[in-house]
Structure formats: structure tokens, C-alpha cells
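Following: one structure in C-alpha cells, then a few remarks.
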2 protein chains.
Amino acid sequence: MNEVKLSTLDDAVGYWLRRAQLAVFEDFARRFVALELTPAQFSTLIAIRDNPGRRQSDIAAALGIRRPNFVALLDELERRRLAERTPSGADRRANALRLTGAGEALLARALAAQHEQESAIRAHIGEAERDTLVATLRRLVEF
Amino acid sequence: MNEVKLSTLDDAVGYWLRRAQLAVFEDFARRFVALELTPAQFSTLIAIRDNPGRRQSDIAAALGIRRPNFVALLDELERRRLAERTPSGADRRANALRLTGAGEALLARALAAQHEQESAIRAHIGEAERDTLVATLRRLVEF
DNA sequence: TATTGTTATACTCTATAACTATA
DNA sequence: TATAGTTATAGAGTATAACAATA
């Protein structure tokens with residue numbers, strides 16, 4: 001196949017943002033396949049560990065996940081005995097979320113895998129560039 | 001809702017890459033809603049304009065779109081008389097792609113809208129930071 | 001009345017297998 | 001046999017409406 005030109009896309013932030021995100025997420029998927037964790041499940045485990053006892057709605061909202069879509073995700077984490085829905089004391093409508101011992105153990109392994117990915121990125125694009133990248137991306141989110 | 005902590009995600013390239021990409025694509029969608037063009041349709045119009053007469057497969061591959069998924073996308077562009085499938089001379093299996101006059105006209109408006117988005121991004125994060133961002137994202141794609 | 005968790009549902013993206021017509 | 005375009009289909013991911021229990 002002869003080369004196909006894509007002149008206008010070659011300097012577009014949106015285009016490279018999408019391609020870079022796909023590349024990093026594919027690498028993430030490779031590293032996490034053994035742990036059987038999707039990005040959404042991984043960030044959910046982090047959010048629960050950092051905020052034990054919080055309501056489903058709060059955790060879901062913080063992660064940008066709609067409440068209805070969070071139900072099946074939690075069902076699966078509970079089925080695998082990684083997280084639990086426990087009674088929320090005062091409000092009997094709410095579920096308080098907590099990690100199990102197995103959940104904390106798996107999260108520890110996942111955090112190690114994530115750390116390896118961050119190190120690989122640092123090695124590939126450079127330490128300073130990585131810090132600049134994260135800083136710029138954070139400003140872009142407010143955009 | 002009290003604040004929810006997300007310690008570990010706060011310095012992760014993958015996390016901010018995803019959030020920034022969502023923010024930029026939401027802005028893109030707002031700017032392109034009047035043109036009724038998705039990112040995939042927009043980049044397809046660019047690819048066809050830059051490579052008139054090329055086969056479907058080549059254009060799809062250059063955009064990272066699987067051949068089966070490219071069919072409906074092209075059907076829609078043809079239905080709206082923005083692009084055409086024409087006979088490809090030698091090989092009677094292949095379709096050569098071209099933009100119509102209407103397609104070129106709409107693409108011109110789309111490119112203007114994209115240019116406005118790029119200007120807005122430059123204004124928000126700064127000229128030099130934007131160039132550094134694109135350069136870093138391109139290196140990240142090889143990752 | 002409003003909110004929490006849930007069910008049902010639908011729409012978009014993306015992926016694969018297999019067909020047809022040509023090569 | 002292999003390739004170009006196509007069909008059918010299935011799986012994620014994400015969106016909304018509406019319900020039961022509770023506030």
C-alpha cells in the first residue's frame with residue numbers, strides 16, 4: 001500500500017490526543033490482562049480504598065460513571081470478592097463501599113503494574129517531558 | 001457531596017490523557033454539531049481530499065478504521081452527497097473515493113471550525129505549550 | 001417531593017467471521 | 001488462493017427513563 005497523506009490532521013491536538021490515549025490504553029490493557037482489571041475497575045478500586053465507607057453515588061460521580069452503569073461494575077467486583085456493599089448506618093437507602101482483603105491485595109499488584117507503566121513512559125519520553133505533559137493535560141481538562 | 005479523594009490517579013499519564021481527550025472531543029462535538037460531522041467523518045473527508053482516487057481499504061487503514069466499519073460511514077457520506085465511490089479503472093473489485101463539490105465545501109467549513117478550536121486551545125494553554133504537547137503526544141504514539 | 005440503587009433499554013464504537021465478485 | 005468490499009453480528013462503553021424503597 002502506497003503512503004496515504006493526512007496533512008491537516010498532522011498538527012491537530014485532538015487527533016494526537018486520541019491516538020496517544022489509544023496507545024497508552026492498549027499498553028495498559030496488556031499489563032492488566034493478567035489481573036483481569038479494566039481501567040474503570042482499577043480506578044474504582046482506588047476510589048473505594050481512598051474513600052472507604054462512601055456511598056455508591058459519590059464514588060461513581062467522582063469517577064464520571066453514571067449510577068446505572070456503576071451497578072454492574074460493582075456487581076462484578078463483589079462477585080470476585082474484591083469489594084463489598086455494606087449497610088450505610090444512618091441512610092438505609094445507601095450502600096457503603098469497602099475493599100476486601102483480596103481487593104486490597106489485587107489493588108497492590110495493580111498499582112505496581114501501573115507504576116511500571118509510568119516508568120516505561122518516563123523512560124520513553126523523558127522525566128521532564130512527562131511532568132510537563134501531565135501539567136498541560138490537567139489545564140486542557142478545564143478547557 | 002463531600003470531596004472524594006483519588007490520590008493515585010492524580011499523577012497518572014493515562015488518567016489525564018483520557019480526561020483531556022474527552023474534554024477536547026466534547027468541545028469538538030459542540031463546534032461540529034451544526035456541520036453534522038463526527039470526528040471519524042471529518043478525518044475521512046480530509047483523507048479523501050488529500051488522496052483522491054485511493055481505494056477504500058487504503059483510506060480506512062490510514063485512519064485506523066476496520067474495513068467493515070468503514071462501509072456504513074461511507075454509505076452515510078454518499079447519501080449526503082459529500083463523497084462518491086467511483087470505479088477504480090484497473091481493479092474492478094476496488095472503489096476509488098472522491099469528494100463531491102458539496103463535500104469540499106463542507107470540509108472547508110469544517111477546517112475553519114477545527115482551526116477555531118486549535119486557536120482556542122492555544123489561547124488556553126499557550127502557544128509553546130501546545131507545540132510541546134503535540135510533539136510529546138507524537139512520541140507517545142510510538143510507545 | 002427528592003434521593004439511592006436498580007432495571008430496562010438504546011445508541012455508538014469497535015471487533016470478527018464469512019460471504020461475493022473479482023484478481 | 002488471495003484480496004476488496006460487504007453483511008451479519010457481537011461485545012464494550014455510555015446514555016436516559018422509570019421504578020421500589022427510603023428520606
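Note that these values count all heavy atoms, side chains included, but never hydrogens, waters or copies made by symmetry. Lettering of chains follows the sequences in order, A, B, ..., and the numbering in each one begins at 1.
- Near DNA chain D, defined here as any heavy-atom distance below 4.0 Å, the residues from residues 88-100 of chain A are A:A90, A:D91, A:R92, A:R93, listed numerically.
- Residue pairs satisfying the ring-ring contact (aromatic ring centres under 6.0 Å, His included) criterion with at least one member in residues 76-105 of chain A, sequence neighbours excluded, are absent.
- Across the protein-nucleic acid pair, A:R18 atom CZ and C:dT12 atom P stand 17 Å apart, rounded to whole Å.
- Taken to the nearest 0.5 Å, the CG atom of B:L63 stands 7.0 Å off from the CD1 atom of B:I59.
- Note that the CZ atom of B:F28 and the OG1 atom of B:T38 stand 7.5 Å from one another [nearest 0.5 Å].
- Between the CD1 atom of A:I48 and the CG atom of A:L97 there is a distance of 4.5 Å, given to the nearest 0.5 Å.
- The CD atom of A:E3 sits 9.0 Å away from the CG atom of B:N51 when rounded to the nearest 0.5 Å.
- Within the structure, the side chain to side chain donor-acceptor pair (under 3.5 Å) test picks out the following pairs touching residues 134-143 of chain B (sequence neighbours left out): A:D10-B:R138.
- Residues satisfying the salt bridge (charged side-chain N to carboxylate O under 4.0 Å, His left out) criterion with B:R49, sequence neighbours excluded, are absent altogether.
- Within a heavy-atom distance below 4.0 Å of DNA chain D, no residue of residues 21-51 of chain A is found.
- With rounding to the nearest 0.5 angstrom, the OH atom of A:Y15 is 5.5 Å from the CG atom of A:L9.
- Taking the 5' to 3' direction, DNA chain D first and last meets chain A under 4.0 angstrom from a heavy atom at D:dT14 to D:dA23.
- Contacts classified as ring-ring contact (aromatic ring centres under 6.0 Å, His included) and involving residues 121-143 of chain A (residues at least two apart or in different chains) are given here: A:H124-B:F143, A:F143-B:H124.
- Within a heavy-atom distance below 4.0 Å of DNA chain C, the residues of residues 66-87 of chain A found are A:R67, A:P68, A:V71, A:R85.
- Take B:D27 and apply the salt bridge (charged side-chain N to carboxylate O under 4.0 Å, His left out) test, not counting sequence neighbours, and it matches B:R30, B:R31.
- Residue pairs satisfying the side chain to side chain donor-acceptor pair (under 3.5 Å) criterion with at least one member in residues 89-110 of chain A, sequence neighbours excluded, are listed as follows: A:Q56-A:N95, A:D91-A:R93.
- For residues 72-108 of chain A, no residue pair satisfies the ring-ring contact (aromatic ring centres under 6.0 Å, His included) rule, not counting sequence neighbours.
- Listed by chain and number, the residues in a side chain to side chain contact (heavy atoms under 4.5 Å, CB included) with B:R80 are B:E36, B:L37, B:Q41, B:E76, B:L82, B:L106 (sequence neighbours excluded).
- Between the P atom of C:dG5 and the CD1 atom of A:I65 lies a distance of 14 Å, rounded to the nearest Å.
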